[in-house]
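Only one structure is covered here, and it is reproduced in the block below.
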Amino acid sequence: MPRAGIGDRSFILDGMDLGFHGDLEVGSGLVDLAVNVRRAPMPPWLAEPIAASLADLAAYPDPAPATAAVAARHTRPVDEVLLTAGAAQGFVLLAQALRGVRRPVVVHPQFTEPEAALRHAGHEVTRVLLPEGSGFALDPALVPDDADLVFVGNPTNPTSVLHPVQAVAALARPGRVLVVDEAFADTSGEAESLAGRRDLPGLVVVRSLTKTWGLAGLRIGYLLGPADLLARLAAVQPLWAVSTPALAAAAACASPAAVAAEREIASTLAADRDHLVAALGGLPGVTVQGRPASSFVLVHVPDGGRVRLALRDLGYAVRRGDTFPGLGADWLRIAVRDTAITDGFVSALRKTLEA
Ligand SMILES: Cc1ncc(COP(=O)(O)O)c(C=O)c1O
């Protein structure tokens, strides 16, 4: 099995690094269009409880109040919520707890950590590659019938495709755990979300609070699913995995006011995304993939490897596409930022294309 070196999170498989993420693109004063975390001042209703929690750090964390708040936000019983140190920890818990599965399937292109977590836990992974020709749309018929653990993202990183809820729900069946990574669901205004669905067998929804709320360094997310399944995942979770400040953030982000704020952010984001997509549409050879639905867009650019490096020389970091199964070097993922940043970026991109 491929291994990362000590202190190195790379995970090379067939020449592709599944451990590569956008943060590795950023640095040395580059404008960051590679990481899909929103950059904005923290609202007081979030900053204040996080700051206040620092007074309680001598006590071990108590997840009960935050769990109750998240359960109320999704109208689910508390035992159908498991708070995690970011969505990323959820993938590891699933991979570790479900060692008995025979045929885990990962639907690509998608975030690579589910596959990495499965492989680190010793699973043999079957990949389903959604074809470019279909706009990377989810076709449930492509998933083998005997798959007993399936990972799919919605909306999907890096394609920004939002699959119809019917297509995702069609993957659920008795004898299968269906994991839907909804880390970016709020960026699509919760459209096509399965977070509130309790009728689908084996459904686990993965959520993150690190993106919209700029909490990647705090590590907070959660799983929603059947109580018996979540109990198995909790059993392999490290004790006190979610810190007291992270729990304070989870409770604050579950309030009705926070959910309303998320919707507002999603609508501003949609306008900023339209601006980016329109500007990219005016560039020779650049094709925006489909109708992007999240806080990033995927573009196809001939000679993408050269273009990415030339953009770095001009001060812009974008996310390479060649570490995503099903894509290649001519694909670049670009975070949606405000119109001023977008305009600067698009003129830099134009320069690299004319060079
Ligand atoms: C699709 C997707 N899921 C999950 C994660 C992990 O999120 P978190 O920061 O909550 O661990 C990411 C982070 O980039 C992501 O892109």
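All values reported here derive from a predicted model rather than from experimental measurement. Whatever order the structure lists them in is the order used to number ligands and atoms, beginning at 1.
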- Item | Contact with ligand 1 for Gly221, non-hydrogen, under 4.0 angstrom |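 It does not, in that no heavy atom of Gly221 comes within the 4.0 Å cut-off of ligand 1.
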Donor + acceptor pair across side chains of [X], [Y] (<3.5 Å):
| X | Y | answer |
| --- | --- | --- |
| Gln289 | Thr159 | no |
| Glu132 | His300 | no |
| Asp186 | Thr212 | yes |

- Query: Is the number of heavy atoms from other residues, nucleotides or ligands within 6.0 Å of CZ (Arg291) greater than 12?
  - Reply: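 Open.
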- Query: Would you say Gln89 and ligand 1 have an N/O pair spaced under 3.5 Å apart?
  - Reply: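 Gln89 vs ligand 1: no N/O contact under 3.5 Å.
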- Query: Would you say Ala85 and ligand 1 have an N/O pair spaced under 3.5 Å apart?
  - Reply: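 Min N/O separation from ligand 1 is not below 3.5 Å for Ala85.
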- Task: In sequence, state the C-alpha distance, the side-chain angles, and the governing distance for Arg333 and Asn157, and then conclude on side chain to side chain donor-acceptor pair (under 3.5 Å).
- Result: CA-CA 9 Å; Arg333 193 192 68 199; Asn157 173 14; 2.7 Å; yes
- Task: Go through the steps to decide whether His275 and Asp338 satisfy the test side chain to side chain donor-acceptor pair (under 3.5 Å), and finish with yes or no.
- Result: CA-CA 9 Å; His275 183 84; Asp338 65 34; over 6 Å; no
Nearest protein heavy-atom contact for [atom]: which residue, which atom, what distance?
| atom | result |
| --- | --- |
| atom 9 (O) of ligand 1 | Thr210 OG1, 2.8 Å |
| atom 5 (C) of ligand 1 | Phe111 CE2, 3.3 Å |
| atom 3 (N) of ligand 1 | Asp181 OD2, 2.6 Å |
| atom 16 (O) of ligand 1 | Asn157 ND2, 2.7 Å |

Just which atoms of ligand 1 are under 4.0 Å from any heavy atom in [X]?
| X | value |
| --- | --- |
| Ser208 | 7 (O), 8 (P), 10 (O) |
| Ala183 | 2 (C), 3 (N), 4 (C) |
| Gly86 | 10 (O), 11 (O) |
| Arg219 | 8 (P), 9 (O), 11 (O) |

- Item | Aromatic ring pairing Trp45/Trp213, orientation class (parallel under 30°, perpendicular over 60°, tilted between) |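 Perpendicular, since the angle between the ring planes exceeds 60°.
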- Query: How does Ala88 reach ligand 1, by side chain, by backbone, by both or by neither, if only non-hydrogen atoms under 4.0 Å count?
  - Reply: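 Both backbone and side chain.
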- Is NZ or CZ of Arg320 both nearer than 6.0 Å to the six-membered ring centre of Phe20 and within 45° of the ring axis?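 Judged by the rule (NZ or CZ under 6.0 Å from the ring centre, within 45° of its axis), Arg320 counts as positioned above Phe20.
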- Query: Which option out of Glu113, Lys211, His21 puts a heavy atom nearest to atom 12 (C) of ligand 1?
  - Reply: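 When every heavy atom of Glu113, Lys211, His21 is considered, Lys211 comes closest to atom 12 (C) of ligand 1.
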- Message: Please determine whether side chain to side chain donor-acceptor pair (under 3.5 Å) holds for the pair Glu80 and His74, giving the CA-CA distance in whole Å, both sets of side-chain angles, and the decisive distance to 0.1 Å.
- Response: CA-CA 10 Å; Glu80 294 182 4; His74 291 289; over 6 Å; no
